[in-house]
Amino acid sequence: MQAQQHTPYTLITGASMGIGKAFAGACARKGRNLLLVAFPDGQLEEVQRELLAVFSVSVLIFPVDLTQADAAQRLVRFCEEKKLAIDILINNAGMGAGGLFENIPLEKYLQIIDLNNKAMVSLCHRFLPLLQAQERAYVLNMSSMEATLPLPYKAVYTGSKNFVYAFSLALREEQQPGPVSVTVVCPGPVLTNPEALMRANAHGKRARWVMCSPEEVADLALKGLFRGKAVVVPGRVNQALVRLMKLVPTSLKMRLLERLFRVYRNH
Ligand SMILES: NC(=O)c1ccc[n+]([C@@H]2O[C@H](COP(=O)([O-])OP(=O)(O)OC[C@H]3O[C@@H](n4cnc5c(N)ncnc54)[C@H](OP(=O)(O)O)[C@@H]3O)[C@@H](O)[C@H]2O)c1
């Protein structure tokens, strides 16, 4: 379908698989036009074909490595050239690494920070003027439950998601009373990629209590987004855990988390 120029688009990063693909499906079901972004490896085209076969919405794709310094700028230029109005920005693309801090190459950590933090800040900064031009607009940033529960053996990922969390809450306050509403989403484990499966298996049955499907995360996150919620933690057990852990002294909490996540040490 051709770009419908005056109907707003939802921009979703990391839309080729996992939670991002679930966001794309959920938004298409709501009749929203989509601009999907992911690493240029051919998977995005497949998602575009799948969605166009089922939904009567416009699905545009923009394959790009978001860790490139000019990626956000090129994406804005694409929207301006196509005269696309963007009213929802979903910063979902992210990556992580688990293991003893010094055992993972520094380059991998810098890549995580480039994608989870630098790309997200660049997209928020570049797209804010476009979002502010709308009557009502939304930013959804994907953090993690780990933002509030710092995980040993995932120190850089945890730190990067803590950045997403704090940044989103601060930006949200700056943008009150609108038109842009900012929501941060903090899922627990979600079975998406082989690494997520490996981590879930390492925890055995315990993981099932807190596990959500990508579709559940996307649906609950969008519900929270449209209600203007500041923070969305998908899953009742996960919400209870986050609340409970706030009551535990930090030193005890960290010792507990180290014991629970020691299984990642040699990943
Ligand atoms: N899975 C979990 O357990 C979990 C839990 C809490 C939070 N989260 C967060 O939720 C978000 C989605 O997680 P997920 O598990 O669904 O991820 P995923 O299945 O690994 O998918 C990651 C997506 O990001 C894209 N991507 C990766 N590097 C990129 C780059 N340099 N430039 C552009 N796109 C890039 C991938 O594109 P390609 O497929 O083309 O490579 C893919 O579409 C992440 O921010 C993650 O940290 C995940």
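Counting convention: from 1, in listed order, for ligands and their atoms alike.
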[X] vs [Y] side-chain heavy atoms within contact, under 4.5 Å:
X    : Y    : result
N91  : L140 : no
C27  : L34  : yes
C79  : F127 : yes
C124 : F167 : yes

Below the 3.5 angstrom mark, is there an N/O of [X], backbone or side chain, next to an N/O of ligand 1?
X    : value
M95  : no
A38  : no
S144 : no
M142 : no
G20  : no
G14  : yes

Whether [X] lies under 4.0 Å from ligand 1, heavy atom:
X    : result
K161 : yes
N116 : no
S143 : yes
P187 : yes
C186 : no

Using a 4.0 Å heavy-atom threshold (strictly under), name the region of [X] that reaches ligand 1: side chain, backbone, both or neither.
X    : result
D41  : side chain
P189 : backbone
A15  : backbone
Q43  : side chain

Main chain of [Y], side chain of [X]: is a donor-acceptor contact present, judged purely on distance under 3.5 Å?
X    : Y    : value
N92  : T13  : yes
N162 : P150 : no
Q134 : D87  : no
S143 : K161 : yes
R172 : V182 : yes
T183 : K229 : yes
S144 : A147 : no

Side-chain ion pair, E258 and R262, N-O less than 4.0 Å: yes

Basic-acidic side-chain contact under 4.0 Å: R49, E46: yes

What protein heavy atom lies closest to [atom]? Include the residue and the distance to one decimal.
atom                    : answer
atom 45 (O) of ligand 1 : N92 O, 2.7 Å
atom 42 (C) of ligand 1 : S16 OG, 3.4 Å
atom 14 (P) of ligand 1 : T192 OG1, 3.7 Å
atom 35 (C) of ligand 1 : F39 N, 3.8 Å
atom 21 (O) of ligand 1 : M17 CG, 3.6 Å
atom 20 (O) of ligand 1 : N193 ND2, 2.8 Å
atom 3 (O) of ligand 1  : V190 N, 2.8 Å
atom 48 (C) of ligand 1 : I19 CD1, 3.9 Å

Numbering the atoms of ligand 1 from 1, which are under 4.0 Å from a heavy atom of [X]?
X   : value
G94 : 44 (C), 45 (O)
T67 : 31 (N)
A93 : 24 (O), 45 (O)
V64 : 32 (N), 33 (C)

Less than 6.0 Å separating the ring centroids of F62 and F78? yes

Begin with the C-alpha distance, continue with both residues' side-chain angles, and end with the deciding distance and a verdict on side chain to side chain donor-acceptor pair (under 3.5 Å) for N33 and S58. CA-CA 5 Å; N33 295 324; S58 165; 4.8 Å; no

Only heavy atoms count here, so choose which of L66, D65, L115 is nearest to atom 27 (C) of ligand 1. L115

Given M145, which partner from the list V185, L241, L151 fulfils the side-chain contact (heavy atoms from CB on, under 4.5 Å) test? L241

